[in-house]
Amino acid sequence: MTGSRRPPVLLTMAGYGGTLAAVRSLGRAGVRVTVADARRFQAASWSRFAARTLRCPDAERRPEQFVEWLLDLGRKEPGQALCPTSDGMAWLLARFRSDLARHFRIDGPLLEAVDATLNKRRLEVACRGAGIASPRTWVPSDAAEVERLRPDLPFPILIKPQSQAFLAPQSKGALVAAPEALLGRYSAFRAAARHAAILAEHDAAVDRPMLQQYVSWGSEGIYGLSGFVDRTGDLFVVAASRKVLQKPRRLGVGLCFEDAPLRPELAEKLRALCRQIGYHGVFEVEFLGPAERPLLIDFNPRLYGQAAFDVDRGMDVPLLAYLAAVGDGPALLRAVADGRRSVAERSTRIYCHRARFEPFLRASRLAGGLTGEEARRWRSWLRRHRGRVTDPTLDRRDRVPGLLEGVSGLVEYFRHPRCSFREARERHEDVPSP
């Protein structure tokens, strides 16, 4: 199945890095790509590799209306492939899988498997069954239980949402240093963050925040495994990376990654976890803690933000997801074999989201979150790898998404100055510097 004979694909969440990586990867492979988003000026919508763009309801904020729109499009234009580009999309594709599969090409896991990856309470239970360590976690039912737990909790401690899917406002969590501050911070967090009704009705306990053991970054950063696994677990390709800078610095979105050596025993445990919960598809999994006992902290069942890094390292995860969705078994076998060879050769590339990197360094320097010497070391790190940098948006053959992302970064800082200043001011000695 090559060239024009390949089925078209529909990708959503045009502002996400994984979506843009998929548009470019699949467009170059000769697949006709349609990008759909509720907003107009999002990077992937303006890629030269997008054959067309559509406006649709916001999948994260108006999921029910989005599913109606998607089914209507599928009835009019059957046969397109669908690949998950966000937590919410991964959940919707699983929840409405039987309806969507009548009109679209999908290779997604069942809802129980997606729930086990997106809900950190369920993920902790699944990890124990697969022999994977994870941070100690408590899910109190109310403030009274928080008070009962407080004397025995290890401080500092994190307050985190059980799931990022359909969460408003978006929050990675909050760190509480002192026991006397816990109840107030917990109550405020629970009052502020809510999941959309479509998820809350499915899981009545999802709005209860978790309390989780805080694990220091250490000197190695966050260790990540990303790749693809098929429904049997036999087709499995995985690469390793190390997240070395994120925004904000303690609980945030990755700005910089480095290639890292693969730990085969940890990769096999991850494959066992996928088999145990019935998960198949693309993934990105994060670990913290020492190499001898890494703790799994996150499992993303979708095209992830730094997917372009894996594409440049020779593991084309968007193509793998697409080939599985359209059922092209021979091509999938070849692509997995190509990815394994590239991973075995090890890459000397790094990943840097430059549209956000330099503004973050400047803001952190002004706000006191970074010293002048630390900022210089980060810039020197980027210069040392000149010519070997993967950027999720900047591409000389596809310039408009990079320009839009640069403008978007500036708008974000000026639209939310207090939040941006708070993020930039955050300073933590346990977060590594290059």
Side-chain angles (χ1 to χ4, degrees), residues 15-18 20 39 41-43 156 158-160 164 167-177 185 188-189 192-193 214 216-217 219 221-222 241-258 286 298 304-306 308-309 350-386 389-395 399 401-434:
Y16 283 29
L20 179 58
R39 298 157 295 178
F41 295 105
Q42 300 300 302
L158 290 167
I159 303 173
K160 298 177 70 173
Q164 294 287 329
L167 179 67
Q170 278 291 321
S171 172
K172 290 279 188 178
L175 185 69
V176 181
R185 296 288 296 278
F189 193 94
Y214 174 70
S216 171
W217 272 52
S219 61
I222 295 178
S241 62
R242 185 173 289 112
K243 185 196 292 186
V244 292
L245 183 65
Q246 62 184 10
K247 169 184 172 292
R249 296 186 75 195
R250 180 166 273 163
L251 295 170
V253 177
L255 295 179
C256 298
F257 294 79
E258 296 176 343
E286 294 183 335
D298 207 7
Y304 39 92
Q306 73 279 16
F309 187 36
I350 65 163
Y351 170 101
C352 181
H353 192 166
R354 282 173 284 191
R356 304 299 171 99
F357 175 77
E358 185 60 35
F360 182 63
L361 292 189
R362 290 180 179 273
S364 297
R365 180 72 185 94
L366 289 172
L370 283 175
T371 66
E373 176 59 26
E374 286 173 322
R376 284 191 291 274
R377 285 204 298 269
W378 279 113
R379 294 186 179 103
S380 176
W381 171 85
L382 183 57
R383 286 195 299 272
R384 286 198 310 271
H385 294 90
R386 184 180 289 117
V389 180
T390 292
D391 188 289
T393 57
L394 298 183
D395 187 326
R399 294 180 180 273
L403 294 173
L404 283 174
E405 184 69 7
V407 172
S408 173
L410 292 174
V411 169
E412 179 183 315
Y413 273 96
F414 287 109
R415 180 179 293 173
H416 306 287
R418 282 192 289 184
C419 179
S420 298
F421 180 80
R422 192 163 56 245
E423 291 178 348
R425 185 180 55 193
E426 189 176 276
R427 178 172 180 78
H428 301 293
E429 282 67 27
D430 64 338
V431 175
S433 188

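The analysis underlying the following values was restricted to heavy atoms, covering all of them including side chains, and did not include hydrogens, waters or symmetry mates. Owing to the predicted nature of the structure, the values given are computational and were not obtained by experimental measurement.
- Considering every non-hydrogen atom in both Pro401 and Leu20, the closest pair reads CB-CD2, 3.9 Å.
- Residue Arg354 is tested with Asp391, Thr393, Leu255 for a side-chain contact (heavy atoms from CB on, under 4.5 Å); the sole match is Asp391.
- The aromatic rings of Tyr351 and Phe257 lie perpendicular to each other, with more than 60° between the two planes, well past the 30° mark.
- To the nearest 0.5 Å, atom CG of residue Leu175 and atom CZ of residue Arg185 are 7.5 Å apart.
- Minimum heavy-atom separation, Pro169 to Ala192: CD-O, 3.2 Å.
- Not counting sequence neighbours, the partners of Glu405 by the salt bridge (Lys or Arg N to Asp or Glu O under 4.0 Å) test are Arg356.
- Remark: Trp378 CH2 to Leu361 CG distance equals 8.5 Å, nearest 0.5 Å.
- Side-chain contact check for Phe41 versus Arg39: every heavy-atom pair is 4.5 Å or farther apart.
- Scanning both residues, Leu394 and Gly402, for their nearest heavy atoms gives CD2-CA, 3.8 Å.
- In this structure, Ile222 and Glu286 approach most closely via the heavy-atom pair CG2-CB, 3.8 Å.
- In this structure, CZ on Phe360 lies 9.0 Å from CD on Gln246, to the nearest 0.5 angstrom.
- Side-chain atoms of Glu258 and Ile350, non-hydrogen and from C-beta on, do get closer than 4.5 Å to each other.
- Residue Arg386 places its CZ atom among 12 or fewer non-hydrogen atoms of other residues, nucleotides or ligands, all under 6.0 Å distant.
- Between Val253 and His353, the closest side-chain pair of non-hydrogen atoms is not below 4.5 Å.
- Under the 4.5 Å side-chain criterion, counting only non-hydrogen atoms from C-beta, Glu358 is in contact with Arg379.
- With a 4.5 Å cut-off on side-chain heavy atoms, Leu245 and Trp381 do not count as touching.
- Counting all heavy atoms, side chain and backbone alike, Val389 lies closest to His385 at CG2-O, 3.4 Å.
- Between the side chain of Gln170 and the backbone N or O of Gln164 there is at least one donor-acceptor pair closer than 3.5 Å.
- Closest heavy-atom contact between Pro392 and Gly305: CB-O, 4.4 Å.
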